[in-house]
Amino acid sequence: MANPGETTAATLLAHAGVRRVPTPKAELFDMPGFLPPGMCATLIALIDQDRRPSTIADPNGDSYFRTSETCDLAADLPVVQDLEARLLALNGIDPAHGEPAQGQRYAEGQEFKPHTDYFEPQGVDYQRFCAVAGNRTWTFMIYLNDVEAGGATRFKVVDKIFQPATGKLVCWNNHRPDGTLNPATLHHGMKVRRGVKYVITKWYRERPWG
Ligand SMILES: O=C(O)CCC(=O)C(=O)O
Ligand SMILES: [Fe+2]
């Protein structure tokens, strides 16, 4: 493995249920039923309890770019430790390279417009976000519920849309095999049309986090 903050396609595909999206443009996977429904319900309750408006790095003047709410999940909670253990068993990434897991909540009409999860090296906030731990390597995202309508995640460049479903994981490498950042990972958390959408986001870094 290139870096303890990364996983590999082979590592992920060794687990039953993991599927790779057939595209040469990005390393992108999903796994239905990664988390059991009971765990998803516990995580949803935590997110509902303690949420704040979501933020973005390098504000771009569009105050409707990311309209959801975010919850920082306390690492000492048993359900969060369980989540981290399941992620480690799947991806083998050194937990020291992980940002603290977060929850995201989208009410009707809320979305996260097309973006990449890595930080732009030219961005004004790059030093602030990346000086210690480096850029983001892999993204692991888990839908915690079925959404009545809307709320899919669209990867326009690779022409793939994921529908939310309780416990389904989607993950991708934010870099290309040659180590350069991969703009084909552009993705859009589309507007929720009916219902509420909850997801977990877990990002990993090139170097240990803080
Ligand atoms: O909610 C989604 O579908 C995407 C979330 C996302 O892209 C993010 O939190 O970075
Ligand atoms: Fe994202």
Side-chain angles (χ1 to χ4, degrees), residues 21 25-32 34-35 40 43-44 46-48 50-60 62-73 80 83 87 91 98-120 123 125-126 129-130 133 135-175 181-205 209:
V21 174
K25 293 181 179 165
E27 288 186 293
L28 173 62
F29 306 81
D30 76 354
M31 180 183 182
F34 172 69
L35 291 186
C40 294
L43 289 163
I44 285 174
L46 284 176
I47 297 169
D48 270 337
D50 188 15
R51 48 199 160 92
R52 57 179 167 83
S54 303
T55 56
I56 55 170
D58 297 331
N60 58 5
D62 178 358
S63 51
Y64 295 98
F65 195 81
R66 188 186 190 191
T67 49
S68 53
E69 293 177 295
T70 294
C71 165
D72 298 308
L73 294 167
V80 178
L83 167 70
L87 286 166
N91 63 30
E99 297 181 29
Q102 288 187 351
Q104 318 292 344
R105 180 187 191 273
Y106 300 77
E108 273 180 25
Q110 294 184 337
E111 68 177 321
F112 192 173
K113 289 182 184 174
H115 66 279
T116 53
D117 285 355
Y118 56 79
F119 297 90
E120 291 292 347
D125 284 338
Y126 186 77
F129 289 112
C130 300
N135 216 327
R136 287 179 172 157
T137 55
W138 281 73
T139 299
F140 284 72
M141 183 180 109
I142 305 143
Y143 302 104
L144 296 177
N145 67 322
D146 299 349
V147 178
E148 275 181 77
T153 311
R154 180 180 185 208
F155 289 75
K156 188 176 175 184
V157 181
V158 308
D159 192 22
K160 175 73 187 173
I161 294 178
F162 295 98
Q163 296 296 336
T166 305
K168 184 201 279 182
L169 171 106
V170 174
C171 66
W172 63 92
N173 187 353
N174 291 294
H175 290 80
L181 294 167
N182 190 352
T185 59
L186 185 80
H187 54 283
H188 179 185
M190 295 168 78
K191 265 187 194 170
V192 171
R193 299 287 173 190
R194 201 161 57 245
V196 182
K197 170 186 171 188
Y198 296 86
V199 302
I200 296 291
T201 46
K202 178 74 185 180
W203 292 290
Y204 296 91
R205 296 293 187 123
W209 178 258

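Numbers here are sequence positions counted from 1. All values derive from a computational prediction rather than experimental measurement. Counting convention: from 1, in listed order, for ligands and their atoms alike.
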Any Phe162 heavy atom less than 4.0 Å to ligand 1: no
Please state whether His188 comes within less than 4.0 angstrom of ligand 1, counting heavy atoms only. no
Which residue and atom name correspond to the protein heavy atom nearest [atom], and how close is it?
| atom | result |
| --- | --- |
| atom 4 (C) of ligand 1 | Met141 SD, 3.6 Å |
| atom 9 (O) of ligand 1 | Thr201 CG2, 3.5 Å |
| atom 2 (C) of ligand 1 | Lys197 NZ, 3.1 Å |
| atom 5 (C) of ligand 1 | Tyr106 OH, 3.4 Å |

How about Asp62: does its CG atom have over 12 heavy atoms from other parts shown lying under 6.0 Å from it?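 Count over threshold, so yes.
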Taking atom [atom1] of [X] and atom [atom2] of [Y], what is their separation to the nearest 0.5 Å?
| X | Y | atom1 | atom2 | answer |
| --- | --- | --- | --- | --- |
| His187 | Phe155 | NE2 | CZ | 5.5 Å |
| Thr137 | Tyr204 | OG1 | OH | 8.5 Å |
| Thr166 | Leu144 | OG1 | CG | 8.0 Å |

Does ligand 1 have a heavy atom under 4.0 Å from the side chain of Trp203, from its backbone, from both, or from neither?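 Looking at Trp203 and ligand 1, just side chain atoms fall under 4.0 Å.
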Check His115 against ligand 1 and report side chain, backbone, both or neither, counting heavy atoms closer than 4.0 Å.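 The answer is the side chain of His115.
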One finds that the ligand 1 atoms under 4.0 Å from a non-hydrogen atom of Asp117 are 10 (O)
In terms of atom number and element, which parts of ligand 1 are under 4.0 angstrom from non-hydrogen atoms of Arg66? 9 (O)
Fit a plane to each ring of Phe119 and Phe129, take the angle between them on a 0 to 90° scale, and name the class: parallel (under 30°), tilted (30 to 60°) or perpendicular (over 60°).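 Plane angle under 30°, so parallel.
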Between Thr185 (side chain only) and Thr116 (backbone N and O only), is there a donor and an acceptor less than 3.5 Å apart? no
Given atoms NE2 of His115 and NE2 of His187, what angle do they subtend at the Fe ion (ligand 2), to the nearest 10 degrees? 90°
Glu69 and Ser54: side chain donor to acceptor below 3.5 Å: no
Assess, by modelled atom type and distance only, whether the side chains of Asn91 and Trp138 contain a donor and an acceptor separated by less than 3.5 Å.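 No, no side-chain donor-acceptor pair sits under 3.5 Å.
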Looking at every heavy atom in both Tyr143 and Cys40, which two are closest together, and how far apart are they?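 The answer is O-SG, 4.4 Å.
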For the Fe ion (ligand 2), which N, O or S atom of Asp117 is at the shortest distance?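 When I compare the N, O and S atoms of Asp117, OD1 is nearest to the Fe ion (ligand 2).
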When you measure from atom 3 (O) of ligand 1 to each heavy atom in Ile56, Thr153, Thr116, which option holds the nearest one?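 Heavy atom nearest to atom 3 (O) of ligand 1 belongs to Thr153.
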